[in-house]
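Structure, as structure tokens:
When a ligand or atom number is given, it counts from 1 through the structure's own listing order.
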Amino acid sequence: MADSARQQIVIQGIGVSSGITVGKVYLMGRPLERVPKYFIKESLVPQEVERFRQAVDASRRQLMGVKEEVSKREARELIHILEVHQMMLEDDMLIRETMNRIREDEVNAEWALEKVLDEIKNVFDTIDDDYLRGRKKDIHYVGERILANLLGRKIEEIGNLQEKVVVVAHDLSPADTALMARGKVLGFATDMGGKTSHTAILARSLEIPAVVGLESVTEQAQVGDTVVVDGMKGVVILNPAPEALDYYLERRKAYEVGEKQLLKLRKEPAQTLDGRPIQLLANIELIQEVPSVLEHGAEGIGLYRTEYLFMNRKDLPSEEEQLENYKVVVRKMAPYPVTIRTIDLGGDKFVSRVDIPAEMNPALGLRAIRLCLRDVPIFKAQLRAILRASAFGKLKIMFPMVCMIDEVWQARSILREAMEELKSERISFDPKVAVGIMVETPSACLLAQPLAKEVDFFSIGTNDLIQYSLAIDRQNEHVAYLYQPLHPSILKMIQMVVQAGEKQGIPVGICGEMAGEEAVFPLLLGLGLKEFSMNALSIPRIKRLVRSISLAEMEKLAQEALSLSSHTEVDAFTKSALKAAGIPEEIL
Ligand code: PEP
Ligand code: MG
């Protein structure tokens, strides 16, 4: 229970999704190591075993209740997860073994459970079966549930929350975050994470205020605490004092008014002062985002991260299911274009049915196009679905994480096969569908010229490009300070790609998060980019900026910036140049 006399605690983290939220803490995924540990008198051991048994029974009942509740809604993916958890509650290796531990070691149930869980997790690590290895997370959740019951903590399910809450968690996977689309999460705060982690990106898309990289928020928060999440300043306040609460409620109101104001720009053209039209597009992860994309005035979707369609479920989406999904997006966005990126799984995004080995460095591992070229049937089914959807609107195909030209050749050859198959089956598709690649590895930038001859467009993915060029894990809060979009090496690579595109006459866009950052956008414009794809919420802000700057001036600015040697210099120079050009500081 929350203690009303608890002190206000202010924690600074990384603001990753704008907006301010105030709500009650819902603690999720607290690391298990902080369990009470003590020995039990021999005579009390049977009682301790019984206490454990009751916690397991309570866990069973809870899971059954959640499953019933979830079954009323359309949530196949959740039901499967719950069934796996129910099975684990019947598992001798977990339940009987914990009881044995209590008896043999004469320790409390929490401690015994923790030891057994550790052992099981270690065994899972050594098993040569990726599906089973992937079940480590489920064991963790089941262990947490029993533990919470032992400790008398209240548990709520993220996909089944009844009240609106602020989720406080050690870490959230992109799959966990996708479940927040159901509308009960007011905001979230996590110990781990960086600005361009997929969890952060999804929070922006779902318009959920979020702060990550707080390091100790799960240790300091208690269930039921009031919490403020300020996604702009990256601050979390637990148990805010009345004055602090008033201040944040005021700021929230001001923020909401400002957002409404900005939406009025929706129908205005995105055109620079010197008359150059700029294409502002949206990135999406889930089909539910489409109405918001239109409301924010996007002129198309520049990046549809289709891997989310594969998450939180036990099976793979069939070709038909994918077709339906892509068709809906394309139709709803008509007459605007939709760029569908083929699955970018691996890295931090996993699904149970695609076999990805446990890797030391998943960001450098079997992911994205590499995975697709290994699992050709999965890739082909997606390509067929995309091609079929191309008959219903303006659609483009994009391959992620290209490092070598051979990958493009292979991917295109599988695409040709898919086209041939559809032709012989007399199924319609657009035979001239544009095929492009994400340029998000340094090698793709250096190879931009030959690559430009192989594809119809480039889209620069700076989230990964920064990760791979500056050698920083985009999910790691300890190196988040190195995420510097204005780093001269990044600007030079962007310039290189733009020039290669111009030489070959193919369009070059950008879909990394920096496209939606106001302090960075003018330089990107000056570097010659013309298509910018970003989270929907950023579009009105960027449009306001576009309408107040001139392309010719930004080109000059970019040329000068390219001669500088540090991101701090670029930042200072850009800010002062824009200020001199009359751009109000609060916009930048
Ligand atoms: C990128 O890497 O910049 C990008 C847009 O793709 P993702 O964030 O999905 O890796
Ligand atoms: Mg990427």
For ligand 1, which atoms sit closer than 4.0 Å to a heavy atom of D464? 1 (C), 2 (O), 3 (O), 10 (O)
With the threshold set at under 4.0 angstrom, would you say H198 reaches ligand 1 through any of its heavy atoms? yes
Would you check if T339 and Y304 make a side-chain contact, meaning some heavy-atom pair closer than 4.5 Å? no
Nearest to atom 9 (O) of ligand 1, what protein heavy atom do you find, and at what distance? R305 NE, 2.7 Å
Is the closest heavy atom of M401 to ligand 1 under 4.0 Å? no
Do any N or O atoms from the side chain of K543 and from the backbone of R266 form a donor-acceptor pair under 3.5 angstrom? yes
Applying the side-chain contact (heavy atoms from CB on, under 4.5 Å) criterion to S489, which one of I494, I466, L470, L465 satisfies it? L470
At a 4.0 Å threshold, what atoms of ligand 1 neighbour a non-hydrogen atom of C511? 5 (C)
Measure from NZ or CZ of K396 to the centre of the six-membered ring of F457 and say whether it is under 6.0 Å with the direction within 45° of the ring axis. yes
Relative to atom 3 (O) of ligand 1, which among D344, L303, V439, N463 owns the nearest non-hydrogen atom? N463
Closer than 4.0 angstrom, basic N to acidic O: yes or no for E319 and K380? no
Considering only heavy atoms of R341, which atoms of ligand 1 have at least one such atom less than 4.0 Å away? 6 (O), 7 (P), 9 (O)
Answer yes or no for E440: is there an N/O/S atom below the 2.8 Å cut-off from the Mg ion (ligand 2)? yes
Please report whether ligand 1 has a polar contact with R474, defined as an N or O pair separated by less than 3.5 Å (distance criterion only). yes
Taking the N/O/S atoms of D464 one by one, which is nearest to the Mg ion (ligand 2)? OD2
Please give me the minimum heavy-atom distance between L214 and A189, naming the atom from each residue. CD1-CB, 3.6 Å
Any atoms of ligand 1 less than 4.0 Å from a non-hydrogen atom of I201? List them with their elements. 8 (O)
For the 3.5 Å polar cut-off, considering only N or O atoms, please tell me whether T462 and ligand 1 meet it. yes
Atom CG in L202, atom OG in S17: separation rounded to 0.5 Å? 9.5 Å
Closest heavy-atom pair and its distance - G501, V508: CA-CG2, 3.7 Å
Out of curiosity, is Q467 lining ligand 1, as in a heavy atom under 4.0 Å away? no
Do K195 and Y483 form a cation-pi contact, if we require the NZ or CZ to be under 6.0 Å from the six-membered ring centre and within 45 degrees of the ring's axis? no
